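Just so you know, ligand 1 is whichever comes first in the structure, and atom 1 is the first atom listed for that ligand. As the structure is a computational prediction, the values presented were derived from the model and not from experiment. Residue numbers start at 1 and run along the sequence shown.
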Amino acid sequence: MAKAANSPHGDLSTVRIGVVGHGVVGSAFTALVARQRDVIAARTGVLLDVVRIAVSDAGKHPAQVGGADVVTDAMAVATAKDVDLVVEAMGGTTLAGEVIRAALEAGKPVVTANKALLAARSAEFFKIADERGIDLLFEAAVCGGIPLIRPLRESLRGEPIRRVLGIVNGTTNFILTKMTEDGLDYASALRGAQQLGYAEADPTADVEGLDAAAKIAIVANFAFGVHVVADDVSVEGISKLSAGDIAMAHKFGYVIKLLGVAECDVQSGAVSVRVHPALVPLKHPLAAVREAFNAVLVEGEASGSLMFYGRGAGGDPTASSVLGDVIDAAVNLRKGTHASLGTFAKAMFTSVDDTRSEFMLSLEVADKPGVLHAVTGVFARNKVSIRAAEQDGIGNDARLVFLTHDARTADMKACLDEFHRLDVVSKVGGFIRIIGD
Ligand code: NDP
Ligand code: HSE
């Protein structure tokens with residue numbers, strides 16, 4: 001950290017930043033710093049100066065951006081003597097992990113947008129940051145531009161939070177919106193999300209729910225004060241959803257969203273953390289969340305329901321979160337202090353089979369006498385009660401769609417197993433959970 005000489009703002013400390021990764025997020029961050037530098041200096045007394053930038057392919061980038069050298073050695077940027085603070089915006093879990101570790105071990109605060117890495121190795125990084133007395137901040141890692149981690153970590157630290165439920169992936173929400181509202185097919189909708197910079201380098205992470213799993217794992221840590229990693233999350237993505245599922249949901253008054261859910265049982269303290277598509281009633285606040293927007297409902301005993309809404313992906317919104325963290329870390333560095341991330345207890349998990357929900361299930365069956373009786377018998381044997389049903393003719397067959405009352409997931413799975421074995425059933429659609437009003 002250097003003292004700025006002859007600054008128009010008086011006695012400013014300059015914090016020199018190394019930015020590792022200059023793609024969608026990194027380049028939006030350096031542009032935002034350039035725009036806001038004077039305002040930040042006036043408000044905080046800290047002058048932010050991006051001095052080095054690392055990229056993978058130098059040929060795609062200019063040799064300098066706003067006076068910062070653009071190089072290809074990420075590790076050299078993270079450990080450079082003239083870098084006080086590191087922004088990791090390259091993604092991936094291998095080199096990015098080494099970069100963060102090296103920067104922290106060299107006593108440099110780190111700001112990262114890398115949820116995949118944090119959801120796997122946060123404990124290791126939090127420990128180093130704590131031992132060194134420096135910041136490791138990551139607001140941008142969960143829901144891009146929406147301030148969520150800081151409210152959970154600070155404002156809601158004492159709140160008995162029972163459930164966090166939300167749309168935490170912009171790409172899948174964009175795809176589902178385009179399929180629902182514009183009738184776009186899945187592949188074209190995904191291409192649109194990629195063109196707009198929402199998708200991960202490998203969009204499988206988005207569509208198979210892994211990106212959402214990483215985010216909801218990080219959220220669960222701070223909501224419940226327990227250690228949760230992405231591997232603890234039960235995950236189902238959107239790639240198996242069909243236009244037929246979307247249309248059927250709409251017919252019953254629902255829209256399909258990919259949700260991240262983290263629940264904590266009041267009595268036992270056991271947590272359930274999962275990602276799955278869900279039918280959301282059209283009048284539910286999450287139903288109105290469209291395109292790449294994200295929204296998260298935090299349900300606390302004392303606070304009641306809180307909703308956090310905004311742009312969950314894209315360069316500028318994510319850069320805004322990165323910048324907020326960079327300012328905090330820079331001010332803390334100047335004061336010789338750091339944010340407290342807290343400690344995390346070992347989590348006790350509820351099996352996903354024991355979670356309960358209402359469900360929608362579709363079956364293709366032979367259209368002949370006795371079939372409905374056979375099908376409803378399966379539900380009855382497995383203690384699943386039917387709330388609504390609808391039949392459509394498809395040639396000699398029929399499509400049956402059922403909405404159930406609240407049921408155990410294990411009991412629904414048992415129904416599915418039986419349907420697969422039933423002669424009169426030609427096709428079993430997967431079940432989709434239903435969220436209450
Ligand atoms: P991009 O693919 O757009 O950018 C990645 C950047 O990292 C590129 O500049 C790339 O270089 C650079 N890079 C890759 N490998 C190396 C390497 N070995 N050495 C040096 N530089 C390297 O990714 P995003 O900006 O979209 O995402 C970055 C991170 O932010 C990820 O962790 C992502 O999950 C997270 N994130 C992304 C959001 C978004 O909306 N895009 C929102 C929230 C978080 P080059 O340009 O030469 O290819
Ligand atoms: N790929 C992520 C998304 C980026 O679509 O939400 C933001 O984390």
Side-chain angles (χ1 to χ4, degrees), residues 18-31 52-62 65 70-78 86-100 110-120 138-146 148-149 166-177 189-190 192-216 218-219 230 237-238 258 260 275 289 291-296 310-322 325:
V19 178
V20 180
H22 209 240
V24 173
V25 176
S27 63
F29 168 73
T30 55
R52 286 168 190 250
I53 295 170
V55 296
S56 157
D57 178 357
K60 289 196 320 206
H61 300 267
V65 173
V70 178
V71 298
T72 53
D73 189 342
M75 199 56 105
V77 169
V86 173
V87 170
E88 185 276 308
M90 68 186 284
T93 51
T94 312
L95 182 56
E98 288 170 34
V99 160
I100 291 179
V110 172
V111 173
T112 177
N114 195 331
K115 57 266 169 165
L117 182 58
L118 283 174
F138 43 86
E139 187 62 69
V142 181
C143 297
I146 308 174
L148 177 65
I149 295 301
I167 296 166
V168 295
N169 180 270
T171 299
T172 45
N173 205 47
F174 181 88
I175 293 172
L176 291 173
T177 305
L190 171 58
Q194 287 176 296
Q195 279 156 7
L196 290 163
Y198 302 146
E200 296 301 303
D202 176 1
T204 315
D206 295 295
V207 298
E208 296 303 347
L210 305 173
D211 177 79
K215 291 168 182 167
I216 200 71
I218 296 170
V219 164
I238 64 162
L258 183 72
V275 170
V289 179
E291 307 237 330
F293 281 84
N294 286 187
V296 177
R311 290 185 188 277
D316 282 345
T318 308
S320 169
S321 288
V322 173
D325 278 352

Inset, instruction - Please confirm whether Gly315 comes within less than 3.5 Å of ligand 1 when only nitrogen or oxygen atoms on both sides are compared. - result: no
Legend entry - Backbone of Gly92 reached by a side-chain donor or acceptor of Asn114 within 3.5 Å: yes
Inset, instruction - Mark up the atoms of ligand 1 that fall under 4.0 Å of a heavy atom belonging to Glu200, in ascending order. - result: 33 (C), 34 (O)
Inset, instruction - Ignoring hydrogens and angles, tell me if any N or O in the side chain of Asp325 forms a donor-acceptor pair with the backbone of Phe138 under 3.5 Å. - result: yes
Inset, instruction - Would you mind reporting whether Val296 and Ile146 have side-chain heavy atoms less than 4.5 Å apart? - result: no
Legend entry - Which of the ligand 1 atoms, numbered from 1, are nearer than 4.0 Å to a heavy atom of Ala313: 40 (O)
Inset, instruction - Under 4.0 Å from a heavy atom of Asn114: give me the atoms of ligand 1 that qualify, with their elements. - result: 32 (O)
Inset, instruction - From atom 47 (O) of ligand 1, work out which of Asn169, Thr72, Asp57 has a heavy atom at the shortest distance. - result: Asp57
Inset, instruction - Starting from atom 3 (O) of ligand 1, locate the nearest protein heavy atom and write down its residue, its atom name and how far away it is, to 0.1 Å. - result: Val24 N, 2.9 Å
Inset, instruction - Check whether any side-chain heavy atom of Leu95 lies under 4.5 Å from a side-chain heavy atom of Met90, and answer yes or no. - result: yes
Inset, instruction - Would you kindly specify which portion of Val55 sits under 4.0 Å from ligand 1, judged on non-hydrogen atoms: side chain, backbone, both or neither? - result: both
Legend entry - Heavy-atom closest contact (Ser321 atom, Gly144 atom, distance): OG-O, 2.7 Å
Inset, instruction - Among all protein heavy atoms, pick the one closest to atom 14 (C) of ligand 1 and tell me residue, atom and distance. - result: Ser56 CB, 3.8 Å
Inset, instruction - Go through the structure and list residues passing salt bridge (charged side-chain N to carboxylate O under 4.0 Å, His left out) with Glu208, not counting sequence neighbours. - result: none
Legend entry - Side chain proximity check, Thr171 to Glu200, heavy atoms < 4.5 angstrom: no
Legend entry - Top protein contact for atom 12 (C) of ligand 1, by heavy-atom distance: Gly21 CA, 3.8 Å
Legend entry - Numbered atoms and elements of ligand 1 in range of Gly197, under 4.0 angstrom, heavy atoms: 39 (C), 40 (O), 41 (N)
Inset, instruction - Check for a donor-acceptor pair, side chain of Glu88 on one end and backbone N or O of Gly91 on the other, with a separation under 3.5 Å. - result: yes
Inset, instruction - Please could you name the atoms of ligand 1 that Lys60 approaches to less than 4.0 Å, counting only its heavy atoms? - result: 45 (P), 46 (O), 47 (O), 48 (O)
Legend entry - His22 side chain reached by Lys60 side chain, heavy atoms, under 4.5 Å: no
Inset, instruction - Taking Glu139 for its side chain and Ile149 for its backbone only, find out whether a donor-acceptor pair lies under 3.5 Å. - result: yes
Inset, instruction - Looking only at protein heavy atoms, identify the closest one to atom 31 (C) of ligand 1 and say how far it is in Å. - result: Gly91 CA, 3.6 Å
Inset, instruction - State the atoms of ligand 1, each with its element, that fall below the 4.0 Å cut-off from a heavy-atom position in Ala140. - result: 43 (C), 44 (C)
Inset, instruction - Give a yes or no on whether the backbone of Asp206 and the side-chain of Thr172 come within a donor-acceptor separation of less than 3.5 Å. - result: no
Legend entry - Non-hydrogen atom of Glu88 closer than 4.0 Å to ligand 1: no
Inset, instruction - State, with a plain yes or no, whether a side-chain heavy atom of Leu190 is found less than 4.5 Å away from one of Pro203. - result: yes
Inset, instruction - From the options Val87, Val65, Val71, Val77, select the one residue that forms a side-chain contact (heavy atoms from CB on, under 4.5 Å) with Ile53. - result: Val65
Inset, instruction - Return the residue, atom name and 0.1 Å-rounded distance of the protein heavy atom closest to atom 5 (C) of ligand 1. - result: Met90 O, 3.7 Å
Inset, instruction - Quick one: look up the protein heavy atom nearest atom 8 (C) of ligand 1 and list residue, atom name and how far away it is. - result: Gly23 N, 3.7 Å
Legend entry - Residue pair Leu118 / Thr112, side-chain heavy-atom distance below 4.5 Å: yes
Legend entry - Side chain Asn173, main chain Glu291, donor-acceptor under 3.5 Å: yes
Inset, instruction - Would you mind finding which of His22, His61, Met75 brings a heavy atom closest to atom 45 (P) of ligand 1? - result: His61
Legend entry - Minimum-distance protein heavy atom relative to atom 40 (O) of ligand 1: Gly314 N, 2.6 Å
Legend entry - Closest protein heavy atom to atom 38 (C) of ligand 1, given as residue, atom name and distance to 0.1 Å: Val25 CG2, 3.7 Å
Inset, instruction - Using heavy atoms and a cut-off under 4.0 Å, could you grab the residues that are in contact with ligand 2, chain by chain, numbers ascending? - result: Lys115, Asn169, Gly170, Thr171, Tyr198, Ala199, Glu200, Asp206, Asp211, Lys215, Gly312, Ala313
